[in-house]
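These numbers come from the heavy atoms of this one structure, side chains and all, not from hydrogens, waters or symmetry mates. Since we're looking at a predicted model, the values are computed, not measured. Both counts, for ligands and for their atoms, begin at 1 and track the order of listing.
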Amino acid sequence: MSTKEKLDTKRIPQHVAVIMDGNGRWAALRGKDRLEGHSQGAKAARTVVEAAAEIGVKYITLYAFSMENWNRPKDEVAGLMALLMRSIASQFEDLIKNNIRLRIIGDTSMLPDEVFSHVNDAVLKSQKNTGLTVVIALSYGSRSEILNATKQLLRKYEEQPFDIDSITEEDFSNYLYTKDIPDPELLVRTSGELRISNFLLWQISYSELYFTDVLWPDFGKEDFFEAVYQYQQRERRFGKTSQQIASLK
Ligand code: IPE
Ligand code: IPE
Ligand code: MG
């Protein structure tokens with residue numbers, strides 16, 4: 001039986017976030033260039049988006065390029081940007097056909113103009129789609145996102161002072177890049193690294209974390225379903241006791 005059939009269809013996470021890690025090691029193991037790893041990684045991303053759509057996930061966030069990744073060698077950064085544009089171009093038709101909405105989170109002002117306009121064009125053209133939302137975290141850093149939200153709030157206060165004590169967590173969330181996107185119930189990281197790497201720090205405060213040693217280019221549909229299956233075995237208590245949770249069922 002495939003893991004997909006084992007899934008409880010009533011408990012599919014609405015939002016899954018993924019730290020797609022291990023492309024470089026995948027390539028090194030095969031004596032290939034790191035960019036070959038990224039290119040295989042892009043294929044894995046496509047497969048996982050399909051898997052998410054198949055089981056009715058509503059949002060999938062893919063960490064494609066972090067703020068810190070700007071510090072990689074110039075050639076690798078340029079190769080990643082070119083790959084991103086190629087992937088969007090080659091998958092755009094399918095994206096529209098499959099009713100997928102594309103969204104970008106991150107500091108897009110740091111992207112080269114050509115990359116930004118390419119990506120933004122796909123975002124605008126898919127805006128009215130109503131199926132799965134694919135959120136690409138690009139030039140994304142969580143601390144900078146939180147700091148940016150704080151600055152926006154302070155600017156608003158400067159323009160027109162308001163009651164500071166009235167600010168709620170929900171208000172604050174509305175200043176984040178992820179405005180209108182529910183928090184992920186599940187965060188997956190591949191390649192065996194056990195860290196968050198500045199990803200969605202605010203949003204994952206109560207997410208279930210799933211780590212696997214599989215390198216991202218090898219991560220397939222079965223791996224994705226397995227992550228969701230493992231998520232479904234967890235008891236999400238949100239600070240309550242097990243008995244309280246059981247009495248709610
Ligand atoms: C993830 O793979 C992709 C990006 C960060 C862009 P890596 O490139 O980090 O692969 P490893 O960690 O070196 O194996
Ligand atoms: C995190 O992976 C960023 C992405 C997957 C895009 P990294 O490979 O850059 O993370 P660190 O540097 O190992 O923490
Ligand atoms: Mg890495």
K.L.:
Relative to each other, are the rings of H15 and Y59 parallel, tilted or perpendicular (30° and 60° limits)?
P.N.:
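If you compare the ring of H15 with that of Y59, the planes turn out tilted.
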K.L.:
If you take all heavy atoms of F162 and Y157, which pair is closest and at what distance?
P.N.:
O-CE1, 3.2 Å
K.L.:
Can you pull out the closest protein heavy atom to atom 10 (O) of ligand 1? Residue, atom name and distance to 0.1 Å, please.
P.N.:
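That would be G24 N, 2.9 Å.
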K.L.:
Side chains of S191 and R25: donor-acceptor distance under 3.5 Å anywhere?
P.N.:
yes
K.L.:
For atom CD of E5, decide whether the heavy atoms of other residues, nucleotides or ligands shown that lie under 6.0 angstrom number more than 12.
P.N.:
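Yes, because the 6.0 Å sphere around CD of E5 holds more than 12 heavy atoms from other groups.
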K.L.:
Does the Lys NZ or Arg CZ of R72 fall within the cation-pi geometry relative to W70 - under 6.0 Å from the ring centre and within 45° of the axis?
P.N.:
no
K.L.:
Take a 6.0 Å sphere around CG of D8 and say whether it holds more than 12 heavy atoms from other residues, nucleotides or ligands.
P.N.:
yes
K.L.:
For the pair E185 and R236, evaluate salt bridge (Lys or Arg N to Asp or Glu O under 4.0 Å) and give the outcome as yes or no after the intermediate values.
P.N.:
CA-CA 10 Å; E185 293 95 327; R236 306 191 75 204; 5.4 Å; no
K.L.:
Output the list of atoms in ligand 2 that are nearer than 4.0 Å to some heavy atom of R195, sorted by atom number.
P.N.:
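Near R195, the atoms of ligand 2 are 11 (P), 13 (O), 14 (O).
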K.L.:
Just need the protein heavy atom nearest to atom 6 (C) of ligand 2, so name the residue and atom and give the distance.
P.N.:
Y63 O, 3.3 Å
K.L.:
With nothing but distance in play, are any N or O atoms of S66 less than 3.5 Å from an N or O of ligand 2?
P.N.:
no
K.L.:
Is D21 in polar range of ligand 2, meaning some N or O pair under 3.5 Å apart?
P.N.:
yes
K.L.:
M67 near ligand 2, heavy-atom distance under 4.0 Å?
P.N.:
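The answer is no: ligand 2 sits nowhere under 4.0 Å from a heavy atom of M67.
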K.L.:
Is ligand 1 less than 4.0 angstrom away from at least one heavy atom of G41?
P.N.:
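So G41 does not count as touching ligand 1.
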K.L.:
For ligand 1, is G22 a contact, meaning one of its heavy atoms is under 4.0 Å away?
P.N.:
yes
K.L.:
Using the side chain to side chain contact (heavy atoms under 4.5 Å, CB included) rule, pick out the option among N120, L138, I104 that qualifies with L111.
P.N.:
L138
K.L.:
For ligand 1, indicate whether the residue N69 contacts it via side chain, backbone, both or neither (heavy-atom separation under 4.0 Å).
P.N.:
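Side chain only; the backbone of N69 stays clear of ligand 1.
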K.L.:
Out of N23, I19, L80, indicate the one that has the non-hydrogen atom closest to atom 2 (O) of ligand 1.
P.N.:
N23
K.L.:
Which residue and non-hydrogen atom of the protein lie closest to atom 14 (O) of ligand 2, and at what distance in Å?
P.N.:
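Closest protein heavy atom to atom 14 (O) of ligand 2: S197 OG, 2.6 Å.
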K.L.:
Are any of the N or O atoms of A64 closer than 3.5 Å to those of ligand 1?
P.N.:
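No; every N/O pair is 3.5 Å or more apart.
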K.L.:
Do F238 and Y206 have ring centroids that are under 6.0 Å from one another?
P.N.:
yes
K.L.:
Examine the proximity of ligand 2 to F199 and report which part, side chain or backbone, both or neither, has a heavy atom under 4.0 Å away.
P.N.:
neither
K.L.:
Can you tell which of M20, R72, E193 gets a heavy atom nearest to atom 9 (O) of ligand 1?
P.N.:
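The nearest heavy atom belongs to R72.
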K.L.:
For atom 12 (O) of ligand 2, is the nearest protein heavy atom under 4.0 Å away?
P.N.:
no
K.L.:
Flag yes if more than 12 heavy atoms outside K58 fall under 6.0 Å of its NZ atom; otherwise flag no.
P.N.:
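No, NZ of K58 has 12 or fewer neighbouring heavy atoms, counting only those of other groups under 6.0 Å.
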K.L.:
May I ask you to list the atoms of ligand 1 that are less than 4.0 angstrom from any heavy atom of R25?
P.N.:
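The list of qualifying atoms is 11 (P), 12 (O), 14 (O).
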K.L.:
If you check every N/O/S atom of D21, which is the one nearest the Mg ion (ligand 3)?
P.N.:
OD1
K.L.:
Decide, yes or no, whether a salt bridge links E235 with K240 under the criterion of side-chain N to carboxylate O below 4.0 Å.
P.N.:
no
K.L.:
Below 3.5 Å, N or O to N or O, backbone or side chain included: is there any such pair between W26 and ligand 1?
P.N.:
no
K.L.:
Check each heavy atom of E68 against ligand 1 and say whether those closer than 4.0 Å belong to the side chain, the backbone, both or neither.
P.N.:
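Neither part.
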K.L.:
Which atoms of ligand 2 have any heavy atom of F65 under 4.0 Å away?
P.N.:
6 (C)
K.L.:
Measure up the F219 and F224 rings against each other and bin them: parallel (under 30°), tilted (30 to 60°), perpendicular (over 60°).
P.N.:
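Answer is perpendicular, since the angle exceeds 60°.
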